[in-house]
Amino acid sequence: MRLIVVCFLVSTFAFAQHNNQQIAHQYYMNGEFEKAISLYKELIDKHFSIAYYVPYYTSLLKLEDYKQAEYLAKKFAKRYPRELQYQLGVIITQYKSGKTKKANVSYGRLLKKFDGGRSQTINLANTLSRYGFYQKALDVYILSEKINPNNNFGMQKAQLFAKLEEVELMLKEYLNEMERDPTKKQIVTSQIQKFLDNDGIKSDKNYKLVKKLLLIKVRAEQKRTDFSEMLIWLFMQNHQFKMALIQAKALDRRTNSDGEGVYDLAEVFLDKEYFELAEEAYDYVILKGNQNKFFIKANINK
């Protein structure tokens, strides 16, 4: 009977703990930081868990309670001395509270412990970025790549350049990442599309910048075709259909292909009722000869 009672009490406590954690997290998500802090303080007094750290610490920073935030980070740093993000948490409170000189010294000491490992790098950079230290987060990624040349954080660096409003460096990083890893083409295209969309505001300046950087990559590429394909996509996005066709024909000649890319453009032009461009594209395919698999289709559509 006593065992049953003990099990019941343990179960009830665990349920209450979990319920309070959910409520605290909801307060945090809703921006009700005072309520979140009150619950997290109670939770952490009963059960010291890393699951509470980020929302508790962030809530304290949001209310500019740097003293308590530093105290909390120090407690975790003492419990987990090898986890540098908690030591970084102490430093962040020093920066936020205006203790810049002290923070710089502490940050220098922290970097001496930094081994450049991928997991450690991401943890530190994410912590810095979360609290608005974008340049320092970028520097951590760069330092990690210097320590471990096999590391590559191109996508993360591009996102940080975006936050720093260094748009040309952002685009270069995305394109360099695609050059290193062609499988990232779809992700990179998506990010460039967001840049071109510019929150729904069409920007000729953005288009010209992407075009300039893509042309550099196109001129440099030898056996690969993905940058040329992206340039064609860019021309189509900006309704530069004639330029898209010129680039598609140039790519087809360079790769000694069967005209498929040009034929696909012809189909698009036909759908959009750009009949002259469609005819020009079909003529290009037809001139490849009647042995070409697109010869009959091009003749019929023309």
Side-chain angles (χ1 to χ4, degrees), residues 3 5-97 99 103 106-107 109-134 136-141 143-144 151 153 155-157 159-160 163:
L3 180 61
V5 172
V6 169
C7 289
F8 174 76
L9 291 174
V10 169
S11 176
T12 302
F13 173 78
F15 175 78
Q17 186 90 354
H18 180 68
N19 192 46
N20 283 343
Q21 182 181 353
Q22 287 185 320
I23 295 170
H25 185 71
Q26 194 60 55
Y27 282 145
Y28 167 69
M29 295 299 293
N30 292 342
E32 299 178 82
F33 300 118
E34 288 184 358
K35 292 179 179 179
I37 288 167
S38 178
L39 271 180
Y40 278 123
K41 185 179 186 306
E42 181 183 328
L43 285 164
I44 215 162
D45 285 343
K46 292 178 180 178
H47 180 60
F48 197 87
S49 170
I50 59 173
Y52 307 143
Y53 175 76
V54 170
Y56 188 11
Y57 177 81
T58 304
S59 296
L60 290 166
L61 289 188
K62 290 288 187 181
L63 295 182
E64 300 183 1
D65 191 347
Y66 303 127
K67 185 177 180 180
Q68 283 301 313
E70 183 174 359
Y71 175 71
L72 177 68
K74 282 181 176 178
K75 282 179 69 175
F76 274 85
K78 186 177 180 180
R79 180 71 68 92
Y80 306 104
R82 301 179 72 177
E83 300 294 328
L84 296 187
Q85 65 262 36
Y86 302 122
Q87 297 175 46
L88 182 57
V90 176
I91 295 167
I92 286 171
T93 62
Q94 293 170 351
Y95 277 121
K96 293 279 188 183
S97 59
K99 301 173 185 176
S106 300
Y107 190 60
R109 289 174 182 162
L110 178 76
L111 290 181
K112 289 180 181 178
K113 303 175 186 177
F114 178 60
D115 62 18
R118 189 167 186 85
S119 177
Q120 186 187 70
T121 300
I122 291 172
N123 282 338
L124 291 185
N126 282 348
T127 299
L128 287 163
S129 182
R130 184 182 297 120
Y131 302 112
F133 295 86
Y134 303 127
K136 287 189 180 298
L138 181 63
D139 292 341
V140 165
Y141 283 126
L143 179 59
S144 175
N151 279 348
F153 297 102
M155 300 300 287
Q156 293 92 333
K157 288 191 295 181
Q159 290 162 9
L160 287 167
K163 291 181 182 296

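Numbers for residues simply follow the sequence, beginning at 1.
Under a cut-off of 6.0 angstrom, the local environment of CG in L111 is crowded, with over 12 non-hydrogen atoms contributed by other residues, nucleotides or ligands.
Taking F48 as the reference, F76 meet the ring pair (Phe, Tyr, Trp, His ring centres under 6.0 Å) condition, with sequence neighbours excluded. With sequence neighbours excluded, no residue satisfies side chain to side chain donor-acceptor pair (under 3.5 Å) with D115. By the salt bridge (Lys or Arg N to Asp or Glu O under 4.0 Å) test, K163 pairs with no residue at all, sequence neighbours left out. Applying the side chain to side chain contact (heavy atoms under 4.5 Å, CB included) criterion to E83, with sequence neighbours excluded, gives Y80, Q85, Y86. The salt bridge (Lys or Arg N to Asp or Glu O under 4.0 Å) test applied to K74 returns E70, not counting sequence neighbours. Listed by chain and residue number, L84, Q87, L88, I91, Y107 satisfy the side chain to side chain contact (heavy atoms under 4.5 Å, CB included) test with L110 (two or more places apart in sequence, or in another chain). Residues forming a salt bridge (Lys or Arg N to Asp or Glu O under 4.0 Å) with E32 (at least two apart in sequence, or on another chain): K35. In this structure Y71 satisfies the side chain to side chain contact (heavy atoms under 4.5 Å, CB included) test together with Q68, K75, sequence neighbours excluded. Residues meeting the salt bridge (Lys or Arg N to Asp or Glu O under 4.0 Å) test with K41, sequence neighbours left out: D45. Residues forming a side chain to side chain contact (heavy atoms under 4.5 Å, CB included) with S38 (at least two apart in sequence, or on another chain): none.
Nearest approach of K96 to F133, heavy atoms of both residues: CE-CE1, 3.9 Å. Taking every heavy atom of both residues into account, A69 and L61 meet most closely at CB-CD2, 3.9 Å. Of all heavy-atom pairs between Q94 and S106, the closest is OE1-OG, 3.4 Å. Heavy-atom minimum distance, N151 versus G117: ND2-C, 4.4 Å. The shortest heavy-atom contact between Y53 and A73 is OH-CB, 3.7 Å.
Summarising the geometry, atom CD1 belonging to I44 is positioned 10.5 Å from atom CD1 belonging to I50; distances are rounded to the nearest 0.5 Å. Of the inter-residue distances, the one linking L128 atom CG with I92 atom CD1 reads 5.5 Å to the nearest 0.5 angstrom.
Under the 4.5 Å side-chain criterion, counting only non-hydrogen atoms from C-beta, F153 is in contact with I122. Counting heavy atoms from C-beta outward, F33 and Y27 have side chains that stay 4.5 Å or more apart. Put simply, the side chain of K136 reaches to within 4.5 Å of the side chain of Y95, judged on heavy atoms. Counting heavy atoms from C-beta on, the side chains of E42 and K46 come closer than 4.5 Å. Side-chain contact between T93 and L72 is absent, with no heavy atoms from C-beta onward closer than 4.5 Å. Between V140 and F114, the closest side-chain pair of non-hydrogen atoms falls below 4.5 Å.
Within the structure, side-chain hydrogen bond (donor to acceptor under 3.5 Å, both in side chains) contacts touching residues 118-130 (residues at least two apart or in different chains) are T121-S144. Judged as a side-chain hydrogen bond (donor to acceptor under 3.5 Å, both in side chains), the pairs with a partner in residues 55-65 (not counting sequence neighbours) are, in order, T58-Y131.
Between H47 and Y52, the ring planes lie perpendicular to each other; the angle is over 60°, past the 30° to 60° tilted range.
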